[in-house]
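The structure appears right after this line, and notes come after that.
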Amino acid sequence: MITADLDPDTSRWRPARVLDRWDETPRIATLRIGADRWPGHVAGQRVDVRLTAQDGYQANRAYSIASAPSSGVLDLAVERLDDGEVSPWLVDIARAGDELEVRGPVGGWFTWRPTDPGPLLMLAGGSGLVPLMAMAREAVAAATGTDVRLLVSTRTAAELPFAEELAMLDAAGSLRLLHTVTRGAPDGWDGWRGRMGSALAAELLDDLPSAPPAIFICGGSGFVDHASHLLMAEGVDARAIRTERFGPSS
Amino acid sequence: MPPVSRGFKGRRREGVDATRIPPGQHLVRDFPVLTYGPTPQVDTARWSFSLDGAVSAGRRWSWDEFQAMPREQVTTDIHCVTTWSKLDTTWSGVPVDAFFAGIEPGGGFVQAWCDGGYTTNLPLDDVLGGRAWVVDRYDGAPLAPAHGGPARLLVPHLYFWKSAKWVRGLTVTVQNEPGFWEENGYHDRGDPWREERYGAAFE
(Lines give C-alpha, C1' and ligand atoms only; values in the text may rest on other atoms or scores of the structure.)
Protein backbone atom coordinates (compact mmCIF):
# COMPACT_ATOMS: atom_id res chain seq x y z
CA MET A 1 0.00 0.00 0.00
CA ILE A 2 1.09 3.55 -0.62
CA THR A 3 1.89 5.36 2.57
CA ALA A 4 3.30 8.76 3.38
CA ASP A 5 6.52 7.10 4.50
CA LEU A 6 8.26 6.84 1.11
CA ASP A 7 11.30 4.74 0.34
CA PRO A 8 13.47 6.22 -2.41
CA ASP A 9 15.55 3.06 -2.91
CA THR A 10 14.72 2.20 -6.52
CA SER A 11 16.93 -0.89 -6.61
CA ARG A 12 14.97 -3.05 -4.17
CA TRP A 13 11.99 -5.29 -4.83
CA ARG A 14 8.89 -3.93 -3.13
CA PRO A 15 5.88 -6.01 -2.14
CA ALA A 16 2.92 -4.83 -4.20
CA ARG A 17 -0.63 -5.79 -5.03
CA VAL A 18 -3.10 -5.31 -7.82
CA LEU A 19 -5.69 -2.73 -6.76
CA ASP A 20 -7.74 -2.81 -9.94
CA ARG A 21 -7.48 -3.82 -13.58
CA TRP A 22 -9.37 -3.08 -16.78
CA ASP A 23 -9.02 -3.81 -20.48
CA GLU A 24 -7.78 -1.13 -22.84
CA THR A 25 -7.89 -3.25 -26.00
CA PRO A 26 -8.34 -6.98 -26.63
CA ARG A 27 -4.61 -7.45 -25.87
CA ILE A 28 -3.75 -4.59 -23.52
CA ALA A 29 -4.86 -4.15 -19.92
CA THR A 30 -4.17 -1.49 -17.35
CA LEU A 31 -3.24 -2.71 -13.86
CA ARG A 32 -3.41 -0.29 -10.96
CA ILE A 33 -0.66 -1.25 -8.53
CA GLY A 34 -0.23 -0.43 -4.87
CA ALA A 35 3.46 -0.72 -3.98
CA ASP A 36 5.04 -0.56 -0.56
CA ARG A 37 6.27 2.97 0.20
CA TRP A 38 6.36 3.80 -3.53
CA PRO A 39 8.37 7.01 -4.07
CA GLY A 40 6.57 8.19 -7.21
CA HIS A 41 7.83 8.39 -10.77
CA VAL A 42 8.58 10.62 -13.73
CA ALA A 43 6.49 10.37 -16.91
CA GLY A 44 8.15 7.94 -19.31
CA GLN A 45 9.70 5.66 -16.70
CA ARG A 46 9.16 1.92 -16.37
CA VAL A 47 9.13 -0.60 -13.56
CA ASP A 48 10.35 -4.15 -13.27
CA VAL A 49 7.62 -6.58 -12.23
CA ARG A 50 8.45 -9.89 -10.55
CA LEU A 51 6.10 -12.82 -10.11
CA THR A 52 6.69 -15.77 -7.80
CA ALA A 53 5.14 -19.21 -8.28
CA GLN A 54 4.01 -21.48 -5.46
CA ASP A 55 7.31 -23.41 -5.58
CA GLY A 56 9.45 -20.27 -5.45
CA TYR A 57 10.17 -20.02 -9.19
CA GLN A 58 10.38 -16.37 -10.23
CA ALA A 59 10.25 -14.37 -13.46
CA ASN A 60 10.52 -10.64 -14.04
CA ARG A 61 9.96 -8.24 -16.96
CA ALA A 62 9.88 -4.47 -17.44
CA TYR A 63 6.65 -2.53 -18.11
CA SER A 64 6.04 1.14 -18.80
CA ILE A 65 4.00 3.30 -16.46
CA ALA A 66 0.88 4.78 -18.07
CA SER A 67 -0.30 7.07 -15.28
CA ALA A 68 0.75 10.69 -14.81
CA PRO A 69 3.03 11.25 -11.82
CA SER A 70 0.68 13.98 -10.60
CA SER A 71 -2.21 11.48 -10.44
CA GLY A 72 -0.64 9.78 -7.43
CA VAL A 73 -1.41 6.31 -8.79
CA LEU A 74 0.79 3.68 -10.37
CA ASP A 75 -0.87 2.26 -13.48
CA LEU A 76 0.95 -0.19 -15.75
CA ALA A 77 -0.46 -0.90 -19.19
CA VAL A 78 0.62 -4.33 -20.38
CA GLU A 79 0.28 -6.00 -23.77
CA ARG A 80 -0.21 -9.76 -23.73
CA LEU A 81 2.47 -11.52 -25.75
CA ASP A 82 1.27 -14.96 -26.81
CA ASP A 83 4.62 -16.59 -26.09
CA GLY A 84 5.24 -14.41 -23.07
CA GLU A 85 5.95 -15.58 -19.56
CA VAL A 86 4.83 -12.65 -17.40
CA SER A 87 2.45 -10.66 -19.61
CA PRO A 88 -0.21 -13.42 -19.96
CA TRP A 89 -0.51 -13.58 -16.18
CA LEU A 90 -0.78 -9.80 -15.86
CA VAL A 91 -3.38 -9.44 -18.63
CA ASP A 92 -5.45 -12.61 -18.25
CA ILE A 93 -5.14 -13.80 -14.66
CA ALA A 94 -4.31 -10.92 -12.33
CA ARG A 95 -7.19 -9.34 -10.45
CA ALA A 96 -7.62 -7.02 -7.48
CA GLY A 97 -5.87 -8.37 -4.41
CA ASP A 98 -3.25 -10.44 -6.23
CA GLU A 99 0.30 -10.06 -5.01
CA LEU A 100 3.49 -9.37 -6.92
CA GLU A 101 6.65 -7.29 -6.56
CA VAL A 102 7.87 -4.16 -8.31
CA ARG A 103 11.26 -2.50 -8.58
CA GLY A 104 11.99 0.99 -9.77
CA PRO A 105 11.02 3.36 -11.19
CA VAL A 106 13.67 2.95 -13.87
CA GLY A 107 14.92 5.30 -16.55
CA GLY A 108 16.42 8.77 -16.63
CA TRP A 109 16.44 9.57 -20.36
CA PHE A 110 13.08 8.77 -21.90
CA THR A 111 11.31 11.08 -19.47
CA TRP A 112 9.35 14.34 -19.54
CA ARG A 113 8.49 16.80 -16.80
CA PRO A 114 6.02 19.73 -16.97
CA THR A 115 8.94 22.08 -16.37
CA ASP A 116 10.59 20.87 -19.59
CA PRO A 117 10.16 23.33 -22.45
CA GLY A 118 7.64 22.43 -25.18
CA PRO A 119 6.33 21.68 -27.65
CA LEU A 120 5.90 18.01 -26.68
CA LEU A 121 5.94 15.70 -29.70
CA MET A 122 5.40 11.97 -29.32
CA LEU A 123 5.18 9.09 -31.77
CA ALA A 124 4.01 5.62 -30.83
CA GLY A 125 3.79 2.30 -32.56
CA GLY A 126 1.09 0.15 -30.90
CA SER A 127 1.70 -0.44 -27.21
CA GLY A 128 4.65 1.96 -27.45
CA LEU A 129 1.96 4.47 -26.57
CA VAL A 130 2.09 3.52 -22.88
CA PRO A 131 5.02 5.66 -21.62
CA LEU A 132 3.92 8.48 -23.93
CA MET A 133 0.46 8.35 -22.38
CA ALA A 134 2.04 9.14 -19.03
CA MET A 135 3.70 12.18 -20.62
CA ALA A 136 0.49 13.28 -22.36
CA ARG A 137 -1.54 12.90 -19.18
CA GLU A 138 1.08 14.80 -17.18
CA ALA A 139 1.18 17.63 -19.73
CA VAL A 140 -2.61 17.92 -19.76
CA ALA A 141 -2.81 17.82 -15.97
CA ALA A 142 -0.13 20.50 -15.60
CA ALA A 143 -2.07 22.75 -18.02
CA THR A 144 0.98 24.84 -18.80
CA GLY A 145 -0.23 25.52 -22.32
CA THR A 146 2.38 23.22 -23.84
CA ASP A 147 1.60 22.30 -27.45
CA VAL A 148 1.14 18.50 -27.17
CA ARG A 149 1.02 16.34 -30.29
CA LEU A 150 0.72 12.58 -30.37
CA LEU A 151 1.02 10.38 -33.42
CA VAL A 152 -0.04 6.77 -32.96
CA SER A 153 0.20 3.94 -35.48
CA THR A 154 -1.81 0.78 -34.81
CA ARG A 155 -2.70 -2.14 -37.01
CA THR A 156 -6.46 -1.78 -36.51
CA ALA A 157 -8.57 1.01 -35.05
CA ALA A 158 -9.59 -1.21 -32.12
CA GLU A 159 -5.96 -1.64 -31.08
CA LEU A 160 -5.61 1.97 -29.91
CA PRO A 161 -5.30 1.93 -26.12
CA PHE A 162 -6.82 4.79 -24.12
CA ALA A 163 -8.96 5.54 -27.20
CA GLU A 164 -11.87 7.29 -25.47
CA GLU A 165 -9.62 9.41 -23.28
CA LEU A 166 -7.48 10.44 -26.24
CA ALA A 167 -10.53 11.31 -28.33
CA MET A 168 -11.83 13.50 -25.50
CA LEU A 169 -8.50 15.25 -25.02
CA ASP A 170 -8.24 15.82 -28.76
CA ALA A 171 -11.79 17.18 -28.95
CA ALA A 172 -11.10 19.49 -26.00
CA GLY A 173 -7.97 20.81 -27.69
CA SER A 174 -5.76 19.57 -24.83
CA LEU A 175 -3.64 17.68 -27.31
CA ARG A 176 -3.59 16.88 -30.99
CA LEU A 177 -4.03 13.19 -31.85
CA LEU A 178 -2.91 11.83 -35.22
CA HIS A 179 -3.94 8.19 -35.45
CA THR A 180 -3.07 6.05 -38.45
CA VAL A 181 -4.35 2.53 -39.01
CA THR A 182 -2.07 0.30 -41.06
CA ARG A 183 -4.61 -2.44 -41.87
CA GLY A 184 -8.32 -2.90 -41.76
CA ALA A 185 -9.63 0.61 -41.19
CA PRO A 186 -13.33 0.25 -40.33
CA ASP A 187 -16.12 1.55 -42.54
CA GLY A 188 -16.46 5.27 -42.24
CA TRP A 189 -12.91 5.70 -40.91
CA ASP A 190 -11.87 9.28 -41.61
CA GLY A 191 -8.44 9.15 -39.97
CA TRP A 192 -5.08 8.40 -41.49
CA ARG A 193 -4.51 5.10 -43.24
CA GLY A 194 -1.41 3.07 -43.88
CA ARG A 195 2.11 3.11 -42.56
CA MET A 196 3.33 6.51 -41.42
CA GLY A 197 4.67 8.46 -44.38
CA SER A 198 6.14 11.88 -45.07
CA ALA A 199 2.69 13.51 -45.27
CA LEU A 200 1.88 12.39 -41.73
CA ALA A 201 5.34 13.43 -40.50
CA ALA A 202 4.82 16.87 -42.05
CA GLU A 203 1.37 17.13 -40.46
CA LEU A 204 2.84 16.34 -37.04
CA LEU A 205 5.48 19.03 -37.47
CA ASP A 206 3.17 21.58 -39.12
CA ASP A 207 3.17 25.11 -37.72
CA LEU A 208 5.03 24.35 -34.50
CA PRO A 209 5.50 27.33 -32.18
CA SER A 210 9.20 26.44 -31.86
CA ALA A 211 11.55 23.58 -32.60
CA PRO A 212 10.82 20.76 -30.12
CA PRO A 213 13.74 20.27 -27.73
CA ALA A 214 12.91 16.56 -27.53
CA ILE A 215 10.76 14.24 -29.62
CA PHE A 216 9.80 10.93 -28.01
CA ILE A 217 9.38 7.83 -30.17
CA CYS A 218 8.40 4.47 -28.71
CA GLY A 219 7.48 1.19 -30.34
CA GLY A 220 9.03 -1.76 -32.07
CA SER A 221 12.49 -1.19 -33.48
CA GLY A 222 11.19 -1.10 -37.07
CA PHE A 223 8.64 1.61 -36.26
CA VAL A 224 11.17 3.64 -34.28
CA ASP A 225 13.76 3.65 -37.07
CA HIS A 226 11.14 4.35 -39.74
CA ALA A 227 9.62 7.25 -37.79
CA SER A 228 13.06 8.66 -36.89
CA HIS A 229 14.16 8.72 -40.51
CA LEU A 230 10.93 10.35 -41.68
CA LEU A 231 11.34 13.10 -39.09
CA MET A 232 14.99 13.64 -40.00
CA ALA A 233 13.99 13.86 -43.68
CA GLU A 234 11.61 16.65 -42.61
CA GLY A 235 14.52 18.51 -41.04
CA VAL A 236 14.35 17.34 -37.41
CA ASP A 237 17.72 17.32 -35.64
CA ALA A 238 18.69 13.70 -34.83
CA ARG A 239 19.93 14.86 -31.44
CA ALA A 240 16.38 15.87 -30.45
CA ILE A 241 15.04 12.35 -31.00
CA ARG A 242 14.72 10.14 -27.94
CA THR A 243 13.70 6.55 -28.49
CA GLU A 244 12.55 3.57 -26.52
CA ARG A 245 12.32 0.29 -28.39
CA PHE A 246 10.30 -2.74 -27.53
CA GLY A 247 12.30 -5.80 -28.46
CA PRO A 248 10.44 -8.93 -29.46
CA SER A 249 11.41 -10.21 -26.03
CA SER A 250 8.54 -11.44 -23.88
CA MET B 1 9.94 -15.62 0.86
CA PRO B 2 8.38 -13.11 -1.56
CA PRO B 3 4.60 -13.10 -1.98
CA VAL B 4 3.22 -15.81 -4.28
CA SER B 5 1.40 -14.47 -7.33
CA ARG B 6 -1.83 -16.50 -7.41
CA GLY B 7 -1.97 -18.86 -10.36
CA PHE B 8 1.45 -17.93 -11.75
CA LYS B 9 3.33 -20.97 -12.99
CA GLY B 10 5.99 -19.52 -15.25
CA ARG B 11 7.64 -21.03 -18.22
CA ARG B 12 10.65 -23.11 -17.30
CA ARG B 13 13.09 -23.84 -20.02
CA GLU B 14 14.14 -27.40 -20.58
CA GLY B 15 17.79 -28.05 -21.23
CA VAL B 16 19.03 -24.65 -20.12
CA ASP B 17 22.12 -24.53 -17.96
CA ALA B 18 20.84 -22.34 -15.11
CA THR B 19 24.38 -21.58 -14.01
CA ARG B 20 24.78 -19.50 -17.17
CA ILE B 21 21.80 -17.22 -16.48
CA PRO B 22 22.62 -14.39 -14.03
CA PRO B 23 20.07 -13.49 -11.33
CA GLY B 24 16.94 -11.75 -12.63
CA GLN B 25 17.70 -12.55 -16.27
CA HIS B 26 15.69 -14.64 -18.73
CA LEU B 27 16.80 -16.41 -21.86
CA VAL B 28 15.83 -15.15 -25.33
CA ARG B 29 16.36 -16.73 -28.73
CA ASP B 30 15.95 -13.50 -30.71
CA PHE B 31 18.19 -10.45 -30.45
CA PRO B 32 16.28 -7.42 -29.14
CA VAL B 33 17.39 -3.94 -30.19
CA LEU B 34 17.57 -1.20 -27.56
CA THR B 35 18.97 2.23 -28.37
CA TYR B 36 18.25 5.65 -26.91
CA GLY B 37 18.12 7.45 -30.29
CA PRO B 38 18.01 6.96 -34.05
CA THR B 39 20.29 4.34 -35.61
CA PRO B 40 23.32 6.16 -37.09
CA GLN B 41 24.27 5.34 -40.68
CA VAL B 42 28.03 5.04 -40.62
CA ASP B 43 30.23 5.08 -43.75
CA THR B 44 33.33 2.93 -43.25
CA ALA B 45 35.23 5.15 -45.73
CA ARG B 46 35.01 7.90 -43.11
CA TRP B 47 35.24 5.63 -40.09
CA SER B 48 38.21 5.60 -37.76
CA PHE B 49 38.94 4.22 -34.31
CA SER B 50 40.94 6.37 -31.89
CA LEU B 51 42.83 5.75 -28.70
CA ASP B 52 43.52 9.02 -26.90
CA GLY B 53 43.32 10.87 -23.59
CA ALA B 54 45.77 9.96 -20.82
CA VAL B 55 48.05 7.80 -22.97
CA SER B 56 51.77 7.95 -23.81
CA ALA B 57 50.84 8.59 -27.46
CA GLY B 58 47.42 8.74 -29.10
CA ARG B 59 46.71 6.77 -32.23
CA ARG B 60 44.02 6.45 -34.88
CA TRP B 61 43.18 3.48 -37.13
CA SER B 62 41.30 3.70 -40.44
CA TRP B 63 38.75 1.04 -41.36
CA ASP B 64 41.31 -0.67 -43.60
CA GLU B 65 43.95 -0.61 -40.87
CA PHE B 66 41.40 -2.05 -38.42
CA GLN B 67 40.54 -4.79 -40.93
CA ALA B 68 44.23 -5.70 -41.26
CA MET B 69 44.71 -6.30 -37.53
CA PRO B 70 44.81 -9.87 -36.23
CA ARG B 71 41.31 -10.86 -35.21
CA GLU B 72 39.69 -13.33 -32.88
CA GLN B 73 36.48 -15.34 -32.98
CA VAL B 74 34.53 -14.98 -29.74
CA THR B 75 31.66 -17.17 -28.60
CA THR B 76 30.08 -15.77 -25.47
CA ASP B 77 26.90 -15.22 -23.48
CA ILE B 78 25.50 -11.68 -23.37
CA HIS B 79 23.30 -10.10 -20.73
CA CYS B 80 21.16 -6.96 -21.18
CA VAL B 81 20.13 -4.88 -18.16
CA THR B 82 16.53 -5.02 -19.43
CA THR B 83 16.69 -8.67 -18.24
CA TRP B 84 17.29 -10.71 -21.39
CA SER B 85 20.27 -12.98 -21.84
CA LYS B 86 21.39 -14.70 -25.01
CA LEU B 87 23.75 -17.67 -24.96
CA ASP B 88 26.56 -18.66 -27.30
CA THR B 89 26.57 -15.56 -29.46
CA THR B 90 29.43 -15.54 -31.99
CA TRP B 91 31.45 -12.48 -32.90
CA SER B 92 34.62 -11.61 -34.74
CA GLY B 93 36.84 -8.64 -34.08
CA VAL B 94 40.04 -7.23 -32.64
CA PRO B 95 40.87 -7.49 -28.93
CA VAL B 96 41.15 -4.12 -27.23
CA ASP B 97 44.59 -5.20 -25.99
CA ALA B 98 45.83 -5.00 -29.60
CA PHE B 99 45.01 -1.29 -29.80
CA PHE B 100 47.01 -0.69 -26.62
CA ALA B 101 50.13 -2.47 -27.98
CA GLY B 102 53.04 -0.05 -27.54
CA ILE B 103 50.80 2.55 -25.87
CA GLU B 104 51.15 3.23 -22.14
CA PRO B 105 47.91 4.24 -20.37
CA GLY B 106 48.25 7.06 -17.84
CA GLY B 107 44.86 6.50 -16.16
CA GLY B 108 42.76 3.65 -14.84
CA PHE B 109 39.52 4.26 -16.77
CA VAL B 110 38.28 4.54 -20.33
CA GLN B 111 35.38 6.40 -21.86
CA ALA B 112 34.07 4.75 -25.03
CA TRP B 113 32.57 7.26 -27.49
CA CYS B 114 30.42 6.56 -30.50
CA ASP B 115 28.67 7.86 -33.59
CA GLY B 116 25.31 9.22 -32.44
CA GLY B 117 26.83 10.67 -29.27
CA TYR B 118 26.66 7.65 -26.94
CA THR B 119 29.32 7.22 -24.26
CA THR B 120 30.00 4.62 -21.59
CA ASN B 121 32.72 4.41 -18.93
CA LEU B 122 34.71 1.33 -17.95
CA PRO B 123 37.62 0.55 -15.67
CA LEU B 124 40.66 -0.08 -17.88
CA ASP B 125 40.96 -3.53 -16.32
CA ASP B 126 37.57 -4.45 -17.77
CA VAL B 127 38.69 -3.86 -21.37
CA LEU B 128 42.20 -5.34 -21.17
CA GLY B 129 43.40 -8.88 -20.53
CA GLY B 130 41.37 -10.50 -23.30
CA ARG B 131 38.01 -9.39 -21.87
CA ALA B 132 36.90 -6.90 -24.54
CA TRP B 133 36.92 -6.55 -28.34
CA VAL B 134 36.02 -4.14 -31.13
CA VAL B 135 33.80 -6.42 -33.23
CA ASP B 136 32.50 -5.95 -36.77
CA ARG B 137 30.97 -9.35 -37.44
CA TYR B 138 28.09 -11.16 -35.71
CA ASP B 139 26.97 -14.70 -36.44
CA GLY B 140 29.23 -14.92 -39.50
CA ALA B 141 28.03 -11.73 -41.20
CA PRO B 142 28.89 -8.02 -41.09
CA LEU B 143 27.37 -6.43 -37.99
CA ALA B 144 24.00 -4.82 -38.84
CA PRO B 145 23.57 -1.09 -38.11
CA ALA B 146 20.77 -1.79 -35.61
CA HIS B 147 23.17 -3.94 -33.60
CA GLY B 148 25.99 -1.38 -33.73
CA GLY B 149 27.51 -1.88 -37.17
CA PRO B 150 29.90 -1.25 -38.66
CA ALA B 151 31.69 -1.87 -35.34
CA ARG B 152 30.83 -2.02 -31.65
CA LEU B 153 32.58 -2.70 -28.41
CA LEU B 154 32.04 -6.18 -26.94
CA VAL B 155 32.50 -6.48 -23.17
CA PRO B 156 30.45 -9.59 -22.48
CA HIS B 157 31.21 -9.93 -18.78
CA LEU B 158 29.31 -6.69 -18.09
CA TYR B 159 25.69 -5.72 -18.90
CA PHE B 160 25.40 -5.05 -22.60
CA TRP B 161 24.99 -1.24 -22.40
CA LYS B 162 28.77 -1.25 -21.79
CA SER B 163 29.25 -2.92 -25.20
CA ALA B 164 28.87 0.44 -26.96
CA LYS B 165 27.33 0.35 -30.45
CA TRP B 166 28.90 2.38 -33.28
CA VAL B 167 32.08 2.78 -31.22
CA ARG B 168 34.66 5.21 -32.60
CA GLY B 169 37.24 5.42 -29.87
CA LEU B 170 38.40 4.97 -26.32
CA THR B 171 39.60 7.91 -24.24
CA VAL B 172 41.74 6.96 -21.26
CA THR B 173 40.90 9.03 -18.18
CA VAL B 174 42.49 9.44 -14.75
CA GLN B 175 39.13 9.99 -13.06
CA ASN B 176 36.11 7.75 -13.54
CA GLU B 177 33.62 9.84 -15.54
CA PRO B 178 30.08 8.47 -15.90
CA GLY B 179 28.85 7.86 -19.45
CA PHE B 180 25.36 8.20 -20.93
CA TRP B 181 23.40 5.53 -19.10
CA GLU B 182 25.58 5.81 -16.02
CA GLU B 183 24.30 9.41 -15.78
CA ASN B 184 20.75 8.30 -16.54
CA GLY B 185 20.11 5.78 -13.82
CA TYR B 186 22.25 2.75 -14.53
CA HIS B 187 24.97 1.32 -12.32
CA ASP B 188 28.54 2.54 -12.74
CA ARG B 189 30.07 -0.87 -13.44
CA GLY B 190 27.25 -3.25 -14.35
CA ASP B 191 28.32 -6.76 -13.36
CA PRO B 192 25.34 -9.03 -14.22
CA TRP B 193 26.40 -11.69 -11.70
CA ARG B 194 26.17 -9.10 -8.91
CA GLU B 195 23.01 -7.71 -10.51
CA GLU B 196 24.52 -4.22 -10.68
CA ARG B 197 21.65 -2.78 -12.72
CA TYR B 198 20.68 0.59 -11.41
CA GLY B 199 22.29 3.56 -9.72
CA ALA B 200 21.09 4.89 -6.39
CA ALA B 201 18.59 7.46 -7.67
CA PHE B 202 17.07 8.67 -10.90
CA GLU B 203 16.60 12.35 -10.13
Side-chain angles (χ1 to χ4, degrees), chain A residues 8-11 13 15-17 41-42 45-46 48 50-62 83-86 89 93-95 97-101 103-111 217 220-221 224-225 228-229 231-232 238-250, chain B residues 1-13 18 21 23-41 80-86 115-118 144-147 160-161 178 180-187 194-203:
Chain A
D9 181 0
T10 57
S11 63
W13 287 107
R17 70 177 65 233
H41 68 280
V42 180
Q45 287 186 310
R46 66 179 192 268
D48 293 333
R50 183 162 76 178
L51 306 181
T52 302
Q54 195 75 45
D55 64 358
Y57 173 84
Q58 295 183 316
N60 58 274
R61 297 292 189 278
D83 60 347
E85 178 167 29
V86 173
W89 186 88
I93 296 177
R95 62 183 188 223
D98 281 343
E99 294 187 284
L100 46 94
E101 293 172 288
R103 180 175 62 190
V106 179
W109 170 250
F110 199 81
T111 53
I217 309 180
S221 194
V224 168
D225 275 332
S228 300
H229 290 135
L231 292 181
M232 289 189 281
R239 289 169 297 185
I241 296 176
R242 299 187 181 206
T243 67
E244 184 151 286
R245 295 155 199 258
F246 288 1
S249 148
S250 55
Chain B
M1 177 73 185
V4 170
S5 302
R6 175 193 56 84
F8 175 67
K9 296 189 173 58
R11 179 186 63 200
R12 302 154 213 230
R13 296 265 193 193
I21 310 292
Q25 295 291 108
H26 69 278
L27 192 61
V28 296
R29 309 280 182 204
D30 51 26
F31 195 163
V33 172
L34 298 159
T35 305
Y36 72 91
T39 300
Q41 302 300 316
C80 177
V81 69
T82 63
T83 75
W84 59 264
S85 290
K86 190 170 173 62
D115 280 312
Y118 183 71
H147 289 301
F160 219 43
W161 87 80
F180 178 83
W181 282 123
E182 294 81 5
E183 280 195 335
N184 282 291
Y186 285 177
H187 193 274
R194 297 180 179 199
E195 216 177 344
E196 294 171 342
R197 294 179 196 277
Y198 307 133
F202 290 97
E203 288 308 307

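Here the structure is a predicted model, which is why all the values come from computation and not from measurement. Residue numbering restarts at 1 for every chain, and letters A, B, ... go by the order of the sequence lines.
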For the interface with chain B, which of A/His229, A/Glu101, A/Glu244 has the highest count of heavy-atom pairs at distances below 4.5 Å?
A/Glu101
Would you mind telling me which of A/Gln58, A/His41, A/Arg103 has the largest number of heavy-atom pairs within less than 4.5 Å of chain B?
A/Arg103
Give me the ring orientation class for B/Phe31 and B/Trp84: parallel if the planes are under 30° apart, tilted from 30 to 60°, perpendicular past 60°.
perpendicular
Interface residue of largest heavy-atom contact number with chain A, from B/Gly116, B/Pro40, B/Pro38, under 4.5 Å
B/Pro38
Interface moiety of A/Ser228 toward chain B, non-hydrogen atoms closer than 4.5 Å
side chain
Looking only at atom types and distance, does a side-chain atom of B/Arg197 sit under 3.5 Å from a main-chain N or O of B/Val81, one as donor and one as acceptor?
yes
Examine distances only and state if a side-chain atom of A/Tyr57 and a backbone atom of B/Arg11 form a donor-acceptor pair shorter than 3.5 Å.
yes
Please answer whether the main-chain N or O of A/Gly108 pairs with a side-chain N or O of A/Gln45 as donor and acceptor at a distance below 3.5 Å.
no
Non-hydrogen atoms of chain B under 4.5 Å away: do they reach the side chain of A/Asp225, the backbone, both or neither?
side chain
Could you tell me whether the side chain of A/Glu99 and the main chain of B/Ser5 form a donor-acceptor pair under 3.5 Å?
no
For residues B/Phe180 and A/Trp109, establish whether the separation of their ring centroids is below 6.0 Å.
yes
Give, as side chain, backbone, both or neither, the part of A/Arg239 having an atom under 4.5 angstrom from any heavy atom of chain B.
neither
Determine yes or no for a side-chain-to-main-chain donor-acceptor pair under 3.5 angstrom, with B/Lys86 supplying the side chain and B/Asp30 the backbone.
yes
Tell me if a side-chain donor or acceptor on A/Thr243 pairs with a main-chain N or O of B/Tyr36 at a distance below 3.5 Å.
yes
Region of A/Gln54 in contact with chain B, defined by heavy-atom distances below 4.5 Å:
both
Is it the side chain or the backbone of A/Trp89 that comes within 4.5 Å of chain B heavy atoms, both, or neither?
side chain
Name the region of B/Arg6, side chain, backbone, both or neither, that has any atom closer than 4.5 Å to a heavy atom of chain A.
both
Can you tell which part of B/Glu195 gets under 4.5 Å to a heavy atom of chain A, answering side chain, backbone, both or neither?
side chain
Based on non-hydrogen pairs under 4.5 Å, which of A/Thr111, A/Asp98, A/Ile217 is most in contact with chain B?
A/Asp98
